[in-house]
Protein chains: 2
Amino acid sequence: MKTNVTMKDIAEKLKVSSVTVSKALNDKDGVSDELKEKIKALADKMGYRYNTMAKSMKDGKSYNVCVIIPERFTGMTQSFYLKVYQSIAQKLEERGYYGIIHILPSDDEEGLKLPRIYHERRVDGFILLGQPSKEYIELMQSVDMPLVFLDFYDENADVDAVITDNFYGAYELTNYLIQAGHREIAYVGNLFSTSSIQDRFLGYYKSLLEHKIHLKQEYVISDRDDRGSFIEFDLPEALPTAFVCNCDQVAHLLMERLQKNGFKIPEDCSVVGFDNDIYATLTSPNLTTVEVDIDEMAKNAVKFICEKMDDETAAFGRVAVKGKIIYRDSVKRLSE
Amino acid sequence: MKTNVTMKDIAEKLKVSSVTVSKALNDKDGVSDELKEKIKALADKMGYRYNTMAKSMKDGKSYNVCVIIPERFTGMTQSFYLKVYQSIAQKLEERGYYGIIHILPSDDEEGLKLPRIYHERRVDGFILLGQPSKEYIELMQSVDMPLVFLDFYDENADVDAVITDNFYGAYELTNYLIQAGHREIAYVGNLFSTSSIQDRFLGYYKSLLEHKIHLKQEYVISDRDDRGSFIEFDLPEALPTAFVCNCDQVAHLLMERLQKNGFKIPEDCSVVGFDNDIYATLTSPNLTTVEVDIDEMAKNAVKFICEKMDDETAAFGRVAVKGKIIYRDSVKRLSE
DNA sequence: CTGAAAGCGCTTACAG
DNA sequence: CTGAAAGCGCTTACAG
C-alpha cells in the first residue's frame, strides 16, 4: 500500500482533475453523484489519507488549540486536569480542531517564555488551564491570539474565563453544615494563594453572615505558604465543630492530623472538602464535598475559544459553572 | 503588529529574495554575515514567526508524535501517565518534534478506530502508552508507521517496547523481604490481567525459587477481575508474614483491609508495593516500593521513535529500564 | 458538471 | 554570495 497517495494520484487513475477529486472527497457541489462515488471508492481502495497540512497552509490556520497547564498543577491535582483536558480534546475534535497539551515548565513561566508551538504558528488559540503568574498572564494577553482562562480568573475583566462556581459551592456547603446544627465552623485555606481559595472562603463567609454567625479570626486556618506548598496547620485552642476545607486534599491532610490527635470524624468534628477528587474517597469516612462539572466547563471553554477563533471580537466574560454537592459521611448532624 | 508576516514580506523590505531570507533565518550557508544579521533583526522587529506548516508540506512530515493512552488508564494511574507524557514531550521537543496526547476512548478501542490525527496525516509516529486490547495492538501494527510500545509489551517480538524492569524489581523486593527473615510471602495480583502483573509475579517467584521456598497456591491472591476492576481479596486462612503487591494502589487497599481486621502493619504483616505513586505515601505506614525511572523510560521511547522515523528499518526490541527500591516503613525485620 | 490557473509559505536544486 | 524556478497537496475563484 503506497503510503502517500494524493488527490492527484486518484485523479490521474480516473482521468479527471484533482479539483474534481477534491470536490468529491469534501462532498461539495459540482460533481455528479456517480463520479463522486467512484472517486470515494478508489480513494478508499488506494488508502488515501487527507493531508490537513495542505489545507492549513491554504487558509492559514493550524486547527490546533493549545491547552497550557502550568507544571506545578500536574503534581497536585493531576487527575483533575487530565480529565479536563480529555473532555476539551473530545469537544474540540467535534469541531474539527485538535487539542495539544503544553505543560508549562516552571522555568518558562518564570522566564516568560511562550511555548515553541506559538512561535511556529502551529496553534490558533490558547486555553490556559490553571493560574500561572501575573506576569505570564500579561504575556499571554499581549499575544494577539484567542485566549480563554479555565478554572481561574484574573482581576483583569477583559479576558474570557470559565470557572467553577467556587463562591456558590462553598456557600451551599456551609449552609448545609449550619442546617445540620453547626455554629462553630472554621475555614481551611490560604486566602492569598489562588482566586479559587479566596472565592470559596467568601462563599463560606456569606453563609456565616446570612446566619448571623461571627467570623472568628482564629477560624481561618492557612494550609499552604504563598508559593503553594502545604504547611503544618495552626489549629485553634478550642476546636470548632466543623471545618470547611478549600479542597479535598487539604481535608484529607486535616483529617489525618485530627485523627492522629485522637479526634473522631464526624463524631468529634465534621469536615467537608471541595473538588471530589481522589482524596475524597481516600479518607475514612469518605468526604462530603463539591463535585466540579468538568464536562460543562470544557464545553464552555471550547465554545468560547472556537467562537473567538472565528470572530476576533467575540467576548464572553466570566462564566461560573455550578458544581454539585456530594453527600457522604464526614458530617455529623448535631442535636439542636 | 501585523499578525502574518512572511519571509516574502521581509525580503521585499530589504530588496532581496525570499530564498536569501530563508537561508539567513535558518543559519544556512550562502548569505553574507552582514545581510544575515540585517534580515534577522528585521524579522524580529516585524514580529515574524516561522511557519512550520510550510516546511511540513515540503518534506511531507508533520513533526508530530502521537502518544496514545487508553482511556481506562487515565483513571487509575493518571498521575503516572501524565508525568510520563510530560517527560516524553520535553524530550521530543529537544529533537524538533511535538508530542500530542490522544486519550483513546474505550469505544474507539473496542471499535478498532484509529485516531483522526492518523487519517489526517498529522503525525509521523506513535507511542502507545499503556496496553490496549490485543486487537487494537494488531491494528496499530498493521498501520505502516513507526510505533513504540511504552510500559508494556506484547508477545509479538517484532515491535519495539520500553518497559520497567518489572521482573527484576519484584525479584529484588522479594529478596529484601527474605533477607529480613520472611518465609511466608504472598503475591497479590491477577496473573492474567497485564504483562506487568505477570512479570512482577515471576520476579517474586524466582526469588522464592532461589531461596528454596515453596510457592503455595493460596498465597497467590487475585486483586481484580479480567477486565481490571478491583475485587474483594480472598485472604488465606493462615496469614503470611509478608505481601508483595503488584502495585501501590492494591497495597493500599490491602492495608486498609488488614487494618480493618485488626492487624498492625508492619508488626503483624509486612506489605510492599510497586510504582511509588501517590498511594505509596497515602498509607500509614508509608510503603516500601519500587520507583519507576520515568525519565529514563521516556528518553528511550523518544530515542526509539525518532530513529525509527528517520530510518524505517531501525529496530530496538524490548528494553527494560531498571527501577529503584524505596525503603520506607511497611516492612518488619523478623528476628531469626 | 468539469477543470486550468493561481496561490498558501516555505525549501531544494540549480544557475549565475 | 544571491536568486529564479519548481514543487509540497490542497482549495478557491473563475471559465467553459
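Only this structure's heavy atoms are used, side chains among them; waters, hydrogens and symmetry mates stay out. All values derive from a computational prediction rather than experimental measurement.
- The NZ-P distance, from B:Lys8 to D:dA5, rounds to 14 Å in whole Å.
- Between the CD1 atom of A:Ile137 and the CD atom of A:Gln131 there is a distance of 5.0 Å, given to the nearest 0.5 Å.
- Using a 4.0 Å cut-off, some side-chain N or O of B:Thr20 falls inside it from OP1 or OP2 of D:dG3.
- When heavy atoms are screened at a 4.0 angstrom cut-off, A:Asp59 is found touching no nucleic acid atom at all.
- Put simply, A:Ser22 has no side-chain N or O that comes within less than 4.0 Å of OP1 or OP2 on D:dG9.
- Atoms NZ (A:Lys55) and C1' (D:dG9) sit 13 Å apart, rounded to a whole Å.
- B:Ser17 has a side-chain polar atom (N or O) that falls below the 4.0 Å cut-off from OP1 or OP2 of D:dG3.
- Here the nucleotide nearest the side chain of B:Ala54, chosen from C:dA5, C:dC10, D:dA4, is C:dC10.
- Of the side-chain N and O atoms in B:Lys28, one or more sit less than 4.0 angstrom from OP1 or OP2 of C:dT12.
- In this model, the phosphate group of D:dC8 is not approached by any side-chain N or O of A:Asn51 to a distance below 4.0 Å at OP1 or OP2.
- Pairing for C:dA4 is absent, with no Watson-Crick or G-U wobble pair whose two atom distances lie under 3.5 Å.
- Nucleotides of DNA chain C nearest to B:Met7 and A:Val31 differ in position, and the one nearer the 5' end is that of A:Val31.
- Contact annotation: B:Ser32 side-chain N/O to D:dT2 OP1/OP2 distance is under 4.0 Å.
- We find that B:Lys322 and B:Glu296 are not joined by a salt bridge, their nearest charged nitrogen and carboxylate oxygen being 4.0 Å or further apart.
- Residue A:Gly60 is out of contact with every strand shown, counting any heavy-atom pair closer than 4.0 Å.
- You'll find that the side chain of B:Val16 is closest to D:dG3, out of D:dC10, D:dG3, C:dG9.
- With 3.5 Å as the limit, one finds a donor-acceptor pair spanning the side chains of A:Asp151 and A:Tyr81.
- Each of B:Gly30 and B:Met57 lies near DNA chain D, and the nucleotide nearest B:Gly30 is the one positioned closer to the 5' end.
- Aromatic ring pairs are classed by plane angle as parallel below 30°, tilted from 30° to 60° and perpendicular above 60°; the pair B:Phe149 and B:Phe152 is parallel.
- Nearest to the side chain of B:Val19, among C:dG9, D:dG3, C:dG7, sits D:dG3.
- At distances below 3.5 Å, at least one donor-acceptor pair connects side-chain atoms of B:Asp160 with backbone N or O atoms of B:Phe316.
- Whole-Å rounding puts the B:Leu35 CG to D:dT2 C1' distance at 9 Å.
- A:Asp29 comes within contact range of no nucleotide atom at all, as no heavy-atom separation falls under 4.0 Å.
- Take the nearest nucleotide of DNA chain C for B:Tyr50 and for B:Lys23: the residue whose nucleotide is more 5' is B:Tyr50.
- Look at C:dA13: it lacks any Watson-Crick or wobble partner with both distances under 3.5 angstrom.
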